[in-house]
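Notes follow once the structure below has been shown.
In this chain, numbering begins with 1 at the start of the sequence shown.
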Amino acid sequence: MANESTGTGNGVRFITVDDDQGGQRIDNFLRTALKGAPKSLIYRVLRKGEVRVNKKRTKPDYKLQPGDLIRVPPVRLPEKGDAPVVGEQLLEHLERAVLYEDDALMIINKPSGLAVHGGSGVNLGLIEALRQLRPQQRFLELVHRLDRDTSGCIMIAKKRSMLRYLHEVLRERRVHKIYHALVQGRWNSRDKRIDVPLLRGELKSGERIVKVDQAGKASQTDFKVLRRFGNLATMVEARPKTGRTHQIRVHTLFTGHPIIGDTKYGIDEVNQEFRGYGFRRLMLHAAALELKLADGTALKVEAPMDADIERALEKLLNNADQTQD
């Protein structure tokens, strides 16, 4: 654990980097040390030399070494009131949603509709809620992300060393992510690989949008049919081989089978029709994760879908059977 001491009564803190924090960039370290500080403020105090490492100015990309002494200045944060308090109902839900936990890693079945972190008009995200769920935990950081409306498996590192390890295996594509998606219509091919480049852009409103474009980055997803609901819909398994923004959502759209409930890439009339069955959210679910831990232990974690979705699927199946009779 890092050693921390206070300066000469002016709010300055001095923090000694421990072994677990070694290798972390100074700007990322400050995001934890100065909780609630916007990135612009962090880069400003770095640029002005108010942050020192071993009594010297430092750049944002400097990687900390064990034993480094960091001078952290006092900062005046924007007045936004206290951090939002997480309701008991959400805390209880998240406690039940823990799929795996050890001293270095937690895997959560994230509910649809909960952003992974606060910001951009969102006061509260998964990571803020988990820090209130585990107030004694000194370190909790997202390993990767899921779209706000996507549910399912997401990894949270409880140690800096685990975060570094998981980022490494993610870069090397040694973490296998398995998604389930309910898509519009009858997906005919039992197995299919979609291999088309994706280009990310922004609308005038600032909203992110992704499209198939030869100027984009290579992206591949392997699909397999899991269950058909007549000609109404198909449940497919998706295994992304790359990690582009909105990759599965755009790849299913490219095949002519957008995901049910997708308000960005889907069809409004179809989404409205499926609301009648009980599908009131994006039907994309991170169903499982497969990886090897640092000690070589194979880990597979599966996330069940919510009970209300299972009921909606049964209702859809019954309707599909009737339409075929």
Going through the distances and angles, do Gln137 and Arg131 end up as a side chain to side chain contact (heavy atoms under 4.5 Å, CB included)? CA-CA 7 Å; Gln137 191 69 43; Arg131 286 169 181 158; over 6 Å; no
Do Leu64 and Ile26 come close enough that some side-chain heavy atom pair is under 4.5 Å? yes
Can you tell me how far CZ of Arg244 sits from OG1 of Thr221, rounded to the nearest 0.5 angstrom? 10.5 Å
Taking the side chain as everything from C-beta on, heavy atoms only, tell me whether Asn318 gets closer than 4.5 Å to Lys315. no
Working for side chain to side chain contact (heavy atoms under 4.5 Å, CB included), residues Ser219 and His251: CA-CA 9 Å; Ser219 60; His251 277 177; 3.0 Å; yes
To the closest 0.5 Å, what do you measure between CG (Leu69) and OG1 (Thr16)? 5.0 Å
Answer with yes or no whether the side chains of Asp68 and Tyr62 bring together a donor and an acceptor at under 3.5 Å. yes
Minimum heavy-atom distance Ala233-Leu182, with the two atoms named: CB-CD1, 3.9 Å
Keeping Asp306 on the side-chain end and Asp308 on the backbone end, is there a donor-acceptor pair under 3.5 Å? no
Would one find more than 12 heavy atoms of other residues, nucleotides or ligands at under 6.0 Å from atom NZ of Lys211? no
Stepwise side chain to side chain contact (heavy atoms under 4.5 Å, CB included) check, Val72 with Ile70: CA-CA 6 Å; Val72 180; Ile70 304 174; 3.8 Å; yes
Any heavy-atom pair between the side chains of Ile156 and Ile127 that's under 4.5 Å? yes
Residue pairs passing the ring pair (Phe, Tyr, Trp, His ring centres under 6.0 Å) test with at least one member in residues 151-183, sequence neighbours excluded, are none
Using the side-chain contact (heavy atoms from CB on, under 4.5 Å) rule, pick out the option among Ile107, Leu142, Val143 that qualifies with Ile154. Leu142
Can you find a side-chain donor-acceptor pair between Thr234 and Arg228 that sits under 3.5 Å? no
Straight-line distance of Leu198 CG to Gln247 CD, nearest 0.5 Å: 6.0 Å
Here the ring pair (Phe, Tyr, Trp, His ring centres under 6.0 Å) pairs for residues 189-226, sequence neighbours left out, are Trp187-Phe223
Answer with yes or no whether the hydrophobic clustering places Leu140 together with Tyr100; edges join I, L, V, M, F, W, Y residues whose side-chain heavy atoms lie under 4.5 Å apart. no
Rounded to the nearest 0.5 Å, what separates atom CG in Leu316 from atom CE in Met283? 9.5 Å
Could you check whether any side-chain heavy atom of Arg174 comes within less than 4.5 Å of a side-chain heavy atom of Leu291, counting everything from C-beta outward? no
Salt bridge (Lys or Arg N to Asp or Glu O under 4.0 Å): which pairs involve residues 250-263, sequence neighbours left out? Arg249-Asp262
Let me see the working for Leu313 and Phe229 under side chain to side chain contact (heavy atoms under 4.5 Å, CB included), right down to the final yes or no. CA-CA 9 Å; Leu313 289 170; Phe229 299 84; 3.8 Å; yes
Pairs flagged by salt bridge (Lys or Arg N to Asp or Glu O under 4.0 Å) wherever residues 50-66 is involved - sequence neighbours left out: Lys48-Glu50
Other residues, nucleotides and ligands only: do more than 12 of their heavy atoms fall within 6.0 Å of CZ on Phe139? yes
Would you name the heavy atoms of Val250 and Val210 that are closest together and state the gap between them? CG2-O, 3.7 Å
Just say parallel, tilted or perpendicular for the rings of His246 and Tyr265, cut-offs at 30° and 60°. perpendicular
Between Met106 and Leu130, is there a side-chain heavy-atom distance shorter than 4.5 Å? yes
Asp18 and Arg138 ion-paired at < 4.0 Å: yes
Measure the shortest side-chain to side-chain distance between Pro258 and Val183 over non-hydrogen atoms and say whether it is less than 4.5 angstrom. no
Would you mind checking if Asp103 and Lys158 are paired as a salt bridge, meaning a charged N to carboxylate O distance below 4.0 Å? no
Is there a salt bridge (charged side-chain N to carboxylate O under 4.0 Å, His left out) between Arg227 and Glu314 once you walk through the steps? CA-CA 12 Å; Arg227 190 180 185 186; Glu314 287 304 311; 3.1 Å; yes
hydrophobic_cluster_shared for Leu284 and Val270, side chain cutoff 4.5 Å: yes
Under a plain distance cut-off of 3.5 Å, with no hydrogens placed, do Thr252 and His257 share a side-chain donor-acceptor pair? no
Given the rule that I, L, V, M, F, W and Y join up when any side-chain heavy atoms are under 4.5 Å apart, are Leu133 and Met155 in one cluster? no
Does any N or O in the side chain of Glu92 come within less than 3.5 Å of the main-chain N or O of Gln89, such that one atom is a donor and the other an acceptor? no
To check you understand the geometry: which heavy-atom pair defines the closest contact between Val45 and Pro73, and what is its length? CB-CG, 4.4 Å
May I ask you to decide whether Arg160 forms a salt bridge with Glu141, counting only side-chain N to carboxylate O separations under 4.0 Å? no
State whether a side-chain donor-acceptor pair under 3.5 Å links His285 with Thr150. no
Can you hop from Leu289 to Leu226 via hydrophobic side chains spaced under 4.5 Å? no
Got a salt bridge between Arg134 and Glu95, using NZ or NE/NH1/NH2 to carboxylate O under 4.0 Å? yes
Does Asp222 have any side chain to side chain donor-acceptor pair (under 3.5 Å) partners at least two apart in sequence or in another chain, and if so, which? Arg193
For the CG atom of Leu253 and the CD atom of Gln184, what is their distance to the nearest 0.5 Å? 10.0 Å
Leu299 vs Leu105 side-chain heavy atoms within contact, under 4.5 Å: yes
So, does Arg239 use its side chain to make a donor-acceptor pair with the main chain of Ile178 at under 3.5 Å? no
So Val225 and Asn188, do their side chains get closer than 4.5 Å, heavy atoms only? no
Does Val169 share a hydrophobic cluster with Met162, counting links as ILVMFWY side-chain heavy atoms below 4.5 Å and allowing steps through other members? yes
Give a yes or no on whether the backbone of Leu91 and the side-chain of Arg96 come within a donor-acceptor separation of less than 3.5 Å. no
Minimum-distance pair of heavy atoms, taken over all atoms of Ala320 and Gly230: CB-N, 3.8 Å
Ser151 side-chain N/O to Lys110 backbone N/O, donor-acceptor pair under 3.5 Å: no
Nearest heavy atoms of Leu146 and Gly152, plus distance in Å: CD1-O, 3.7 Å
Show every salt bridge (Lys or Arg N to Asp or Glu O under 4.0 Å) that has at least one partner inside residues 267-295, sequence neighbours left out. Glu290-Lys300
Nearest-0.5 Å distance that lies between atom CD in Gln21 and atom CG in Asn28: 12.0 Å
What's the shortest heavy-atom distance between Asn271 and Gly261, and which atoms? OD1-N, 2.8 Å
Within a radius of less than 6.0 Å around CD of Glu172, do more than 12 heavy atoms belonging to other residues, nucleotides or ligands occur? yes
